Structure formats: structure tokens, C-alpha cells
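Computed over heavy atoms, backbone and side chain alike; hydrogens, waters and symmetry mates excluded. Not measured: the values here are computed from a predicted model.
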Amino acid sequence: MTNKTVEDLIARSNRLGADKRNTNFAGGNTSAKGTEKDPVTGEDVQLLWVKGSGGDLGTLKAENLAVLRLDRLNALKNVYPGVDREDEMVAAFDYCLHGKGGAAPSIDTAMHGLVDAAHVDHLHPDSGIAIATAVDGEALTTKIFGDKVVWVPWRRPGFQLGLDIAAIKEANPQAVGTILGGHGITAWGATSEEAEANSLWIIDQAENYIAENGRPQPFGAKLPGYAALPEAERRAKAAALAPVIRGLASTDKPQLGHFSDDAVVLEFLESAEHPRLGALGTSCPDHFLRTKVKPLILDLPADASVEDSIARLHELHADYREDYQAYYDRHADADSPALRGADPAIVLVPGVGMFSFGANKQTARVAGEFYLNAINVMRGAEAVSTYAPIEESEKFRIEYWALEEAKLARLPKPKSHATRIALVTGAASGIGKAIATRLAAEGACVVIADLNLENAQAVAAELGGPDVAIGVQADVTDEAQIAAAIQEAVLAFGGLDLVVNNAGLSISKPLLETTEKDWDIQHNVMAKGSFLVAKAAAKVMIDQDMGGDIIYISSKNSVFAGPNNIAYSATKADQAHQVRLLAAELGEYGIRVNGINPDGVVRGSGIFAGGWGAKRAAVYGVDEQELGKYYAQRTLLKREVLPEHVANAAAVLTSAELSHTTGLHIPVDAGVAAAFLR
């Protein structure tokens, strides 16, 4: 039976986390203290339920809570070795756990457990952090809240901060919460409703004060030439820059990207103070752990050409890496974790928007959301005061914290295609869908390109939605539609690493019955279409400078001479030779080009369902329902070929295991001797 205290805590957490004005994704934590029967003694035991390490308030569930005994947690005060060794207390929390399962206790556990209040919220609202990062934040706290909210000077999260807040609450019985310098807010209450009301009151009071007393242009005057470009022009420029920026941001390790042209970003970048504020960096630990201490900002106006912008981005990136290395060297000591990479996580382009990066799409998207929070924080602080984030040395202490390093070390090993962005044509059904599904399962982000947009979007939703896959409409015979599909891909995920030319159709007729239209449509879709897709994709891959893969789904018929199949087989032979030609041409850019030759893929195949199956069955004199079995019996292995078998080959060909293979055709036909490659 669920504990009522836990039910109320989860409901409160979900309400608070659902509104980004209260706290950012995965930011902050909530807690409740209550009673439960000890299954060993049968007696009541006082417990603390608190959001564990990681997780998000908006989607919090019971299993995301750490559950600790309050008597043991409070007893830790007797063995606390002091602020210089407070990190040791995180391991000690494990000895306070009650029951089994649940989440690992976070560094903020002490803030909740040691404070004499039944319910505690720690949140990162933009308005609260604006006051927390104002140069005169302490005076503003008194002015805005009177004695109901107490200022707490910056202190890194940990056991000592918990002791500090506990002492403040004891010394200020009239207080309902605190402003944590440089960080956020904490509020409490005797009931869950009271704690939530106090949290929202602090947020509302800060918002209202800023709105009523803030300067009208906190970011300064508008810079001539830095205004946002019109939407179509803005997105076209973003798509042209995205692969280059992703390549720069992936210098140390591959990253996925996210693009935002949110009005908040565009307004910030057209204002005179954005270079100064951007250089100061973010303040709240949740912000800069995801955005790094500061962004890379292109210092050119909105109408700068793509070529000039790229040249300048290369220069600024080199400077950024040098500056970040110097930051690390200034603060690192013998016990510091190794430098994790000197590339920016946030790149800002005036008139265009923000590019954010991370190890997966969600991380990249959330990094951008956090920088939006940071802009709002800077706006609020500058409106009523002067923005003054925590010291650089303190940022380093958190970014390269041993506890943060341990958290990163616990992350699961990346899958084979993690950080890779794939575009599969004809991916709403059959072989294409199977390939897209397999690549997504291996960690790739996938663009489902298909003539039927509704079906493409449905497949994307099946695969996990926009953090995993998107659906786009693309007629591969139309160069403009291909360009639009690739633009959507690079704006969704940052670039493109892997293309599968799978779109196809077949018309089975004898030579004398094959019309010019039959010939043209098959060559347009498969030969010309593959060429157009490969050309557009190669441009992106070359701009990224990260290598890449192009896969052609050709056919056994590209090398096998069968009856009544002149147009289809000829175009498949064209595709097969494109593989060899492009492998020879694109190798210098690290782009591998390989092919797969399936045969007899009947089940799930759009081509076979569209009439091709009936015609091939008539050629071979078998019932259409038995065509798959017929094909299987003529193979050496006597096995039917399914779309998933082709997907297996695509996954292996594009994995690190075959990193030195290009120009290869892999048969996936269960063994057709007449189609052996010679």
C-alpha cells in the first residue's frame, strides 16, 4: 500500500516540475518526512523520502525517491569531519537507507534531512536565481521578502549547506525559505501544501518585483545589424552552419546537436550587453554542468555570409579551446579529474539562434533549455541590479568535482551507434523501417524519410519521438525535397552521419512489354534518387569533417541476370556501381560507401505488396502467398530473408567493427550461387 506522505510528495513534485518557471528539467529536489512500519520490528520509524540523484520532478515516481531513516541521518552530525571532507558524507548516506530499491541519495540530501521541517523544496526558478546572482542579492532579498526569506551566501551543495540551512531555519522561525546565493531557492512547510505554497510565493514575489522595478532594456540597446533574420532565411542559414558547428563541437568526442531560434535567444543576441554577459557565464550549478562555464558567441552581424561565419567560427573555436584549457590549468590540482573536453556545449549565432550539444539528443536539447534559463536569469539580475555569477574557481570545483566524476563513471556504456545521425529513405515500411528501427535500437537518432509523411511520422513516434526520431516527407526524385529533408535532419539533430538509400519500387515485365515510363520511373527513384541523396548527404558530411557512412540497398539482381526484369535489374546495377564510384571518391573525407544485396524479402516489403510479388510469383509459377518459401528453397541455406536480416547487415556495416571497409557489397540472400560476387 502506498504511503500517503509519498503520494502527496509525488503529486507536489509533479506539479512544481511541470512548470519551467519553477525549476528546470532534472533540476532541484523535493522531500517529505513521515512514518512507516519497520518490517523487522513492527514499530513506527521516522523516514525521509527525497528525490534521488538524477531524475526530473515533473515525471517523478516512487522509485525515483531515496528513502532514509531520519535517526541515522541526524546521527551523521556526530561524525561529520568538517567542510574539507564533506564529500565523504555522500557515501555515509548509504548507511542510512531504509528498505531496498529506490534511487541513490543525492548531494542535496542533507539540505532536506537536517532541516526541521516536514516538507522541503529546493528549486531553480529563473526569478529566484536572478535575485541569487544579483551583485546586491542579500539586500534585495530583504527588500523583496522582508524577514520571511533569508539570504544564504554561496556554498557548494553538500552536508555543510544542509547544516547552514537547518541553523537558519532554527534562528528564524518566521522564515518560510531561503535564497541560496548564486544558486536557487529552498522553501519548507509543515504540510506538503504549505511547502508548495511557500515555494510558489517566493517565485511569484521575485517575478513581480523584477517586473515592477526592472529596467526596460536590461540587455542594453539593440545592436544595428544583429536583429533576427526572417524565419526562412534564419533556418536556411542555421542548416548551412549546423554541420560545421557540430564538427567543431565534436573535436574531442562526437556530440549530438539541437537548434533553437527561440525569441529569448534572438533578443539576447541583438542586444549590446550580450558579449559581456555571455563571457561571465552561467551561475547555477545545474546550468553550467550542462552548458559549460560559458558559450561560444559568433561576433559577426546577422547578415554575415555563411562563408565568413564559418571562417570566423573556426577562429573562435580555436580560441575557445585554448581559453578552456587555461581555465582548467588555473584551477586543477593533482586530485582533479582529467579534462573532459575543451569544446563548447553552447554556440550562439546572432540573427540565427542557439546550437547546443550533448552526448545524446535529450542532453543536447536540455543544455539549450538550461541556457534559455541562464538568459532569463541574466535578464532578471540586470533589470534590478548587476549580474554577478559565482566565482570561476567555484564553478571549477563543481564541474570537476570528484562526486560529479563518479556520477559520470556510472553512466552505461554507449551503444554502438550512439551520437550518430541516420537518414533512411523509404523508411515508413519494409526494409527501410526495419533498418531505422535497428539503428535507433543501437543508439542512433534517425530521420524517417518517406513519400508518405503521415506514415513517416507514425514510425518516428513508434521509435521514441523527437529525441530519437523524426519523420519527414521526401520524394527522392526531387532535389528540393531532398534538400528540405536534410535541412530538417540537421536542425533536429545537428548534422548527418549515416544515409541509407533504400527508397525503391519495381515493375516486373518482359523486355517487349517494358515501357519507357516503366524504365524512367525506376531509374528516377533508385538510380537518380540515390545519386541525389548521396550528393546532398556527402556535402553535410564533408562540412562536418567527422567521416560518415552511405549505404545502398541494392539487390541480388544487380549481379544476377533473371527473366522479365530489365528495368529493375539495370537500375540496381547502376546503384551497385555508384557504391564503388563514391567509395573511391569520398574515402579521402573518411566517408565509407557500402552496399547490401538482398533477395526475396517478401514479408513486410512495400515493393512486394505493391504488385511486384504477384508478378514474380507468376513468373515462377507459384502462389503469391508461398513466394517467400519458394525463394528460400532456391537458396543454399534454405532460409527466408526478412527485413530484419537486411537491417542487421546495415547495422554491422555502419558500426566500428567494419571501420576499415568501403566499396563492399554484402549479399543478404540466404545464398544464391548465381549472384556470388566475382
- Query: Do other residues, nucleotides or ligands put more than 12 heavy atoms under 6.0 Å from K638 NZ?
  - Reply: yes

- Message: Are I521 and N524 packed together at the side-chain level, in the sense that at least one heavy-atom pair is separated by less than 4.5 angstrom?
- Response: no

- Can a donor-acceptor pair be found between the side chains of T477 and D475 at a distance below 3.5 Å? yes

- Could you grab the distance from atom OG1 of T514 to atom CG of L512, nearest 0.5 Å is fine? 8.5 Å

- Do K528 and H523 have a side chain donor and acceptor closer than 3.5 Å? no

- Query: Should we count CD of E315 as having more than 12 external heavy atoms under 6.0 Å?
  - Reply: yes

- Message: Given L298, which partner from the list L316, I245, L348, L269 fulfils the side-chain contact (heavy atoms from CB on, under 4.5 Å) test?
- Response: L316

- Message: If you define the side chain from C-beta out and look only at heavy atoms, does anything of N557 sit under 4.5 Å from Y568?
- Response: yes

- Task: Identify, with sequence neighbours excluded, every residue that meets side-chain contact (heavy atoms from CB on, under 4.5 Å) alongside E657.
- Result: S655

- Task: Give the intermediate values and the outcome of side-chain contact (heavy atoms from CB on, under 4.5 Å) for residues D599 and R634.
- Result: CA-CA 11 Å; D599 183 48; R634 72 183 188 182; 2.9 Å; yes

- With distance as the sole test, does D574 use its side chain to make a donor-acceptor pair with the main-chain N or O of A527 at under 3.5 Å? no

- Quick one: closest heavy-atom pair of G495 and I421, and the distance? O-CG2, 3.4 Å

- Query: What is the distance from atom OG1 of T515 to atom CG of D520, rounded to the nearest 0.5 Å?
  - Reply: 8.0 Å

- Message: Less than 4.0 angstrom from a charged side-chain N to a carboxylate O is my criterion; do E462 and K433 meet it?
- Response: yes

- Do S506 and N565 have side chains that get closer than 4.5 Å, going by heavy atoms? yes

- Mind checking the OG-CD1 spacing from S530 to I553? Nearest 0.5 Å is all I need. 9.5 Å

- Query: Do side-chain atoms of S558 reach the backbone of S554 as a donor and acceptor pair under 3.5 angstrom?
  - Reply: no

- Do the non-hydrogen side-chain atoms of V472 and I448 ever get within less than 4.5 Å of each other? no

- Counting only N and O atoms by type, is there a donor-acceptor contact under 3.5 Å from the side chain of K361 to the main-chain atoms of A492? yes

- Query: Any sub-3.5 Å donor-acceptor pair from R340's side-chain atoms to E399's backbone N or O?
  - Reply: yes

- Query: Under 4.5 Å between any side-chain heavy atoms of K292 and Y324, yes or no?
  - Reply: yes

- Message: Apply side-chain contact (heavy atoms from CB on, under 4.5 Å) to residues L296 and H317 and explain how you reach the verdict.
- Response: CA-CA 7 Å; L296 186 159; H317 177 252; 4.2 Å; yes

- Message: Are the side chains of Q487 and R235 in contact, using a 4.5 Å heavy-atom criterion?
- Response: yes

- Query: Okay, side chain of R592, backbone of I551: is any donor-acceptor separation there less than 3.5 Å?
  - Reply: no

- Query: So, H665 side chain and A576 main chain: donor-acceptor pair closer than 3.5 Å or not?
  - Reply: yes

- Query: Below 4.5 Å, heavy atoms only, C-beta onward: do L372 and D262 meet side chain to side chain?
  - Reply: yes

- N597 and I666: side-chain contact (heavy atoms from CB on, under 4.5 Å), yes or no, with the steps? CA-CA 6 Å; N597 288 348; I666 293 184; over 6 Å; no

- Message: Heavy-atom count check: over 12 atoms from other residues, nucleotides or ligands less than 6.0 Å from D545 CG?
- Response: no

- First locate atom CD of Q457, then atom CD1 of I470, and finally report the distance between them rounded to the nearest 0.5 Å. 9.5 Å

- Message: Looking at every non-hydrogen atom in both residues, tell me the closest pair between V459 and A427 and how far apart they are.
- Response: CG1-O, 4.1 Å

- Message: If you count heavy atoms of other groups shown closer than 6.0 angstrom to NZ of K572, is the number above 12?
- Response: yes

- Is the closest basic N to carboxylate O distance between R312 and D308 below 4.0 Å? no

- d(I596 CD1, I431 CD1) to nearest 0.5 Å is 9.0 Å

- Task: Check the side chains of Y552 and Q578 for a donor-acceptor pair under 3.5 angstrom, ignoring hydrogens and angles.
- Result: yes

- Message: Side chains of H417 and D497: any donor to acceptor distance under 3.5 Å?
- Response: no

- Message: To check you understand the geometry: which heavy-atom pair defines the closest contact between F25 and Q362, and what is its length?
- Response: CZ-NE2, 3.8 Å

- Yes or no on side-chain contact (heavy atoms from CB on, under 4.5 Å) for L241 and V244, after CA distance, side-chain angles and deciding distance? CA-CA 5 Å; L241 294 177; V244 174; 5.7 Å; no

- Quick one: does Q544's side chain have a donor or acceptor within less than 3.5 Å of a partner on L496's backbone? yes

- Message: Nearest 0.5 Å, please: how far is CG in D319 from CG in D323?
- Response: 8.5 Å

- Counting heavy atoms not belonging to R639, are there more than 12 under 6.0 Å from its CZ? no

- Item | Heavy-atom pair of closest approach, residues I346 and A367 | CD1-O, 3.7 Å

- Message: Between the side chains of K253 and D343, is the shortest nitrogen-to-carboxylate-oxygen separation below 4.0 Å, so that they form an ion pair?
- Response: no

- Under the 3.5 angstrom rule, does the side chain of R580 hit a backbone N or O of G663 as a donor-acceptor pair? no

- Using only heavy-atom distances, determine whether the side chains of T571 and Q522 contain a donor-acceptor pair under 3.5 Å. no

- Message: Please find the pair of heavy atoms, one from A302 and one from G351, that lie closest to each other, and give the distance.
- Response: CB-CA, 3.6 Å

- Item | Side chains of N360 and T363, donor plus acceptor under 3.5 Å | yes

- Query: Taking NZ, NE, NH1 and NH2 as the nitrogens, is one of them in R438 or E442 under 4.0 Å from a carboxylate oxygen of the other?
  - Reply: yes

- Flag for S250-Q255: side-chain donor and acceptor within less than 3.5 Å: no

- Item | Check: S260 side chain, M354 main-chain N or O, donor-acceptor pair, under 3.5 Å | no

- Name the orientation class of the two ring planes belonging to F370 and H287 (parallel below 30°, tilted from 30 to 60°, perpendicular beyond 60°). perpendicular

- Query: What heavy-atom pair brings T419 and A359 nearest, and what distance separates the two atoms?
  - Reply: CG2-O, 3.5 Å

- Heavy-atom count around Q325 CD within 6.0 Å, excluding the residue itself: above 12? yes

- Message: Strictly distance-based, threshold 3.5 Å: is any side-chain N or O of N502 a donor or acceptor partner for the main-chain N or O of V424?
- Response: no

- Message: Would you say CG of L658 has more than 12 non-hydrogen atoms from neighbouring residues, nucleotides or ligands within 6.0 angstrom?
- Response: yes

- Query: Counting only heavy atoms not in Q481, do more than 12 fall under 6.0 Å of its CD?
  - Reply: yes

- For residues D669 and P667, determine if any side-chain heavy atom of one lies less than 4.5 Å from a side-chain heavy atom of the other. yes

